[in-house]
Amino acid sequence: MPEDKARRRVVRAHNAPEHDQGISDHGYPAEEERDVYEKMRLSKPVPVGTRRRVPPPATNIQEALRQNMEHIIPAIYTLLSCWTRFHDIGKSNYVVWDEAHFGKFGSHYLKREFYFDVHPPLGKMLVGLVGGLAGYTGNFDFKSGAQYPDDVPYTAMRVMLSIFGVLMVPLAWYTAREMGMGHRASHIVTIMTLCDLAWLCISRFILLDAMLLFFTFLVIFCLTKFHSERFEPFEPDWWLWLALTGISIGCVCSVKWVGFFATAVVGLYTIEDLWDKFGDLRMPVRTYFYHWVARACCLIVLPFIVYATCFKIHFIVLNHSGPGDAQMPSLFQANLVGNDFGRNPVEAAFGSRVTLKNMGYGGGLLHSHVQSFPTGSKQQQVTCYHYKDDNNHWNIAPPWNEPAVDLQGPIRFLQDNDVIRLQHSSTKRNLHSHAVPAPVTKLANEVSCYGNETVGDNHDHWIVEVVDDLKQGRRSNVKRIHSLTTRLRFKHKRFGCYLRAANVILPQWGFKQVEVSCEKDTSPSDTHTYWNIENHWNDRLPMADRSHSSSPFFRDFWHLNVAMMTSNNALVPDPDKEDILASKPFDWPLMHLGLRMCGWGDHQLKYYLLGNPIVWWSGAASLVLSVIALLVYALRWQRKYADFEPAELDKYLFMNKLSLLGWALHFGPFVIMGRVTYVHHYLPALYFAVLSFGALLDHFVFSSRRLNARAKWTVFGLIVFAVVDTFWWFKGIAFGIDGPIGEHKGLQWRKSWNIY
Amino acid sequence: MAERAVRRRHPLTEGLRATAQSSSDTEHDTPASRLPLARGQGAHSQPLGYGESPRTSRIVLAVLTALAFVLRFYKLSHPDEVVYVSRQPSLRLPTLTPSSFDEVHFGKFAAYYVKREYYFDVHPPLAKLLLALAAWFVGFDGEFEFDTIGDSYTANHVPYVGIRALPAILGSLTVPIVYAIMKESGYPTIVAAFSAAIVLFDNAHIAQTRLILLDAQLVFFMALSIYSYIRFRKVRYSEFTQQWWFWLLATGFNLACTLGCKMVGLFTFTTIGICVLVDLWDILDIRKGHSMQYFWTHFGARAGALIVFPFIIYLSFFWIHFAILTQSGPGDTFMSPAFQETLKGNELLLNSQEIRYYDTIVMKHKETKAFLHSHPDKYPLRYADGRISSQGQQVTAYTHNDTNNHWQVIPTKALPTTGRGRIVRHNDVIQLRHVATNTNLLTHDVASPHMATNQEFTTWPVDDNTRHNDTLFIVELVDGEPNEVWKTKAGYFYLTHVPTRVHMWTHAKPLPEWGFKQQEINGNKKTPDKSFIWLVDQIISDETGADLQNRTEPVVEKPVKKMNFFRKWAELQVLMLQHNAGLTASHPYASNPIAWPYLFSGISFWTQNDTKMQIYFIGNIIGWWVASTSIFIYIGMLVGDLIGRRRGEELIPDNVRNRLWNSGGMFVVAWAAHYFPFFLMNRQLFLHHYLPAHLCSALVAGSVFNFMITENINYPVSVAGPATRLRPLQRTDIGKQAALVTAGFSLAMVLGLVFLGPLTYGTPGLDGDQVNTRRVLSSWTLHFAGKKTHDVSG
């Protein structure tokens, strides 16, 4: 077809009568005058998706229904969602999958014991809160696969947590409406959210994912609301939605760090928005500046406050000593109830047994164990370890050229510049360094344990250098070395290098612990070379009774975050170990793999984490199709086809940018990062795939001028039928399959699923 | 046609062309010169800028080329031994040889070509073919194996200087190409010389091109690709002329050659691809007034010349590769049995035999090379982690050959007494009897010692039929056809358990003491991949126990089989990519891409303890820092321009900005395309991977230099076509200061080169203090460094 003819085919008058009454038909310059390269500017607000006019009060029920349709529909969906989420929720009376972790963490809040985990605390605090509300006392250890005892109200906990899952559904509806989708597309988005089995399954247990998903949905919802307010800046509603966006960002990031991807979506939207405004020469610079300030306050400061508050509460609640102590600085630990550091002898002496804590952010305890390095010297490994055990104990011994500690003689206290030997208590080997490159940090020297009580050489000698002391002050004032408060450096006497642990993870052979090396060129202010004595035992010294001022919040906050980051980085797949649960990102969009969430015995209730195939596949397909459609439209734009009304274009681009970017930002990072990944990491990204599907249908089917209403309803009906039907077919995998799996036929739609 | 006037901003007339060209970013020529003015035509019409006469240009070009040859051929014969990348002996070496990048490997590959023995390497063959060609040309007989590190070339009469001359020549020619790229892009002679100097006096380029390596070839073809694309771009107004086609096809050819050297060539493809897309996008612009048919013709021409044509060229390298390497060699074992059977003298051709029921065989796991083994010892009741075993007889994988590896194939169906019915075929259900203990192999739903998710393998007495079903296994040949015969060596198979569908599998982690540190055998539920492959290593005896050779006719050497070229190529290509991605083992000189542009670390290529001589691969720090910084300056200029224009301020004249965006932009795209993808790679990376990107950054540096010293440009530089509206000629005069800056910069580069020269040329040897001085950045790990005084405290 000749191009000119084709172009004519889509000509539309500006006052297209059949189209969207919501769009004002004035305010656009005639097309000839309009600069096609300039970003379209709207002189009047164009409501997208929302109806701003306030209708007159309803006079009869029909009218009232019609007016409140916007809320009646989501209310119905919410009820349906309650049924799917709550149905048989307590049927499996044993600990399913990661309930083992998150239930246990919740228990720690109830028992107020300090624990450590890679995820920020908000989600787990909610688990604890829910447990407390339900009357759980925190005395169950949530062993994987164990049966719940009678006094654990697991059903009530699950129900309360799945409310987050319930609310995903109405949020999906409102978001779709707010993005500007028509009724039919919004119904499809909502039904898909309601009927996806992976979302359903994951929100029925004591897990964090339902909260993560809910807050992700909330961020996007607030963003779309804010987007609709963009023509009335600095009005109360504008502020409200901007602030709510910020708060929901804070929440989503405080549940899991995956929330930062949602933050990135908002960030990119804001950058584009500010760039647009930057080109608006009519806007006063002062106004423009206010736009910056408003966003900085609401989208950076506010989320940070939420995030930090979560940690503050975390620290306030967890004030007892617990399993996570060793992750934190010694001073923090000293302030926990049940900790006995304050009673340890104060002044270290030769013959003392000590543990040494690295003072860098995220630092651990100096550790050694009988396993040897597979590379380098092949001597005994020395690492930094974040849990307390006897392998962290070291004896302070005099160098080889001096007599051993005389247990009857006078006590010789440890002082600045003393030369010592650090003997590992359980293996009796000496902390040793030599001119062999460290296993990971190749440019530093390896630190190992070598010799025994009688065998050794001058490579075992370390000079104790005091940095300063919290109580005694500067180095020159430090007479004797105190436990907890004195900051030390250990300098290798032979090579002049410093003992250092800088959060570098060893491979599997080192049990993913932190590498310890001897660094030659290190600055005196490098805190990763600072150590302090944490535990201190010496029978000949009197027990102390010290109290400590509390450690500064932001130091603990930052320390904990670095420790979380370090542990997270250590979660890399182990090439030597088979992990049947893990999957690769590219397995997800087309649902290559499912995940068995529990044992598969005939008499067990079985849950299988697998999406609704129709939802996942159509979502993946629509992502591809949307990109193709955008490309085709770009080509047609370059040929100056008039495909869009300006407002229509704005809406179309907003929907596509949001869904495609959102998906890419929630999917791409998993491809790049080396961390071990599971199917449920795709669940936030799936939302954007579903939105993209809705947007695609809305644009090409439900808003199409070529299709009549009947065709549109047919498409709508078919899709809804397919989604609901598949949901019904597979519902067992989320509600729990009873009896031998072989009796439930027809579930294996792909060969790679390990259902049977 | 009122309709059309409404829809389009401009009527489709010649007038539109004129408007369009004044508003868009095209450049074209005056009537005085139908040839590029950069070549000096039209000199009489306007005074030339400083140093702009064609004579000067020729002289500069000649000097640059001559210097390049001098610097690269200087002491080419040193060192006269195999240069290898030194590693601390303590570090675990990658198990695959192709992971390294030194003369040990590429010299050896040249030798294999000369001897026509099949080898396997992760890189495509062109660069190595060229090396082999050079080797053959200078009379290398291929007998020297480059095996022993530090072996003397002279003592073994290897014409190594001739082989090294090839990279040296190509490396030298890269310098004039860089100059020509800048010249053709419209930059003044002095600016072009500036860019060329960055490559000319660079220690890294010199070091890499003086040795038997692949990067000289790669960088040469990559520069040539950019050059030919720019030439093509300049003749775009005379479309579909001979010249136009020539440069388009030349671009395609050079791209293919780049890719033929290393897979890094894909980045060059990306670069040119992006430029082509931008170009096509412009053609599509309706204000240019082109029809869609016109667009599709252009699209087709580019697709043909830049995708199809290079692909054919690329395939032809492999065709030559396979045509030369017809003998069995060290690369055999990487390939599939079908492929191996195409090689003369391959073991499979000699030994592969059909397996019959009741044969006693030895099975081997392909990946770990361990034999299926069993012995009377039982699994312990309780493992260390508290799980419980069946306490059955242990089944393990054992790397040594002993009689406990013997298993007999038992049929599960009625057999004819003689004939071909007794042959085991694809998908047959069998039992495997362990000969020494008279038990059958069995697996059941009990967790294996190491992996709770996998099934334990054990054995069961032959005469106890209670567990008969659990002893049934299917022989699934890999890619097997129905009724395909199970053969020794060639017949790769998975052993699948009938009732539970698990596949027999093993892995390198040894069992504890109770299992004698042998490998665990377990049943894995996963879809089989290559770690599941087993093969029958040999037939020990048949059912009569008689000598095997009597059963079949004496083994005669079978004729070499044929295999479709495309299947061979596809197999090799996939293997190359897999092994390339698999090079993840750590290496002391591997570095993170972030460390490259500013030279934070180098690679120790070669050392000699007696003379304290060493080659340390590191760039000329002045050139690298200037080039890398220029990229930041360029980005700064762009951002400044964008911000200015967004606020309605036109800071730069249109034509200057277009040059900045188009020419400088292309160089930056080239740099980015050759640099950023490395961040996504998990394999081990080295500084020399940055060389192509460094060359691009030299181009950017020239471009930025030009925009800093003058506010004018040479315009237009493209060749006018028949319908181009002609523009007034404009020539920049960058003046004497530019020449002085370039001269001063070159001097600094020379000083830098000379200063680090001993590390680049490997001679003369340096004493400790001299090494310390040359350690410009503390992160450089030079050998023979002198002890600093404070180091000697103990």
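Only this structure's heavy atoms are used, side chains among them; waters, hydrogens and symmetry mates stay out. The chains referred to below are lettered A, B, ... by the order of the sequence lines, with proteins before strands, and numbering in each begins at 1.
Note: Trp505(B) and His507(B) meet the aromatic proximity criterion, with ring centroids under 6.0 Å apart.
With a threshold of 4.5 angstrom between heavy atoms, Leu284(B) approaches chain A through its backbone and through its side chain. Proximity to chain A (any heavy atom under 4.5 Å) is restricted, for Ile283(B), to the backbone atoms N, CA, C and O. With a 4.5 angstrom heavy-atom cutoff, Val419(A) does not touch chain B via any of its atoms.
Note: Trp780(B) and Tyr616(B) have tilted aromatic rings, judged against thresholds of 30 and 60 degrees for the angle between ring planes.
The cationic group of Lys751(A) does not satisfy the cation-pi geometry with Trp753(A), failing either the under 6.0 Å distance to the six-membered ring centre or the 45° limit from the ring axis.
The ring-ring contact (aromatic ring centres under 6.0 Å, His included) test applied to His432(A) returns His434(A), Tyr450(A), His459(A), not counting sequence neighbours.
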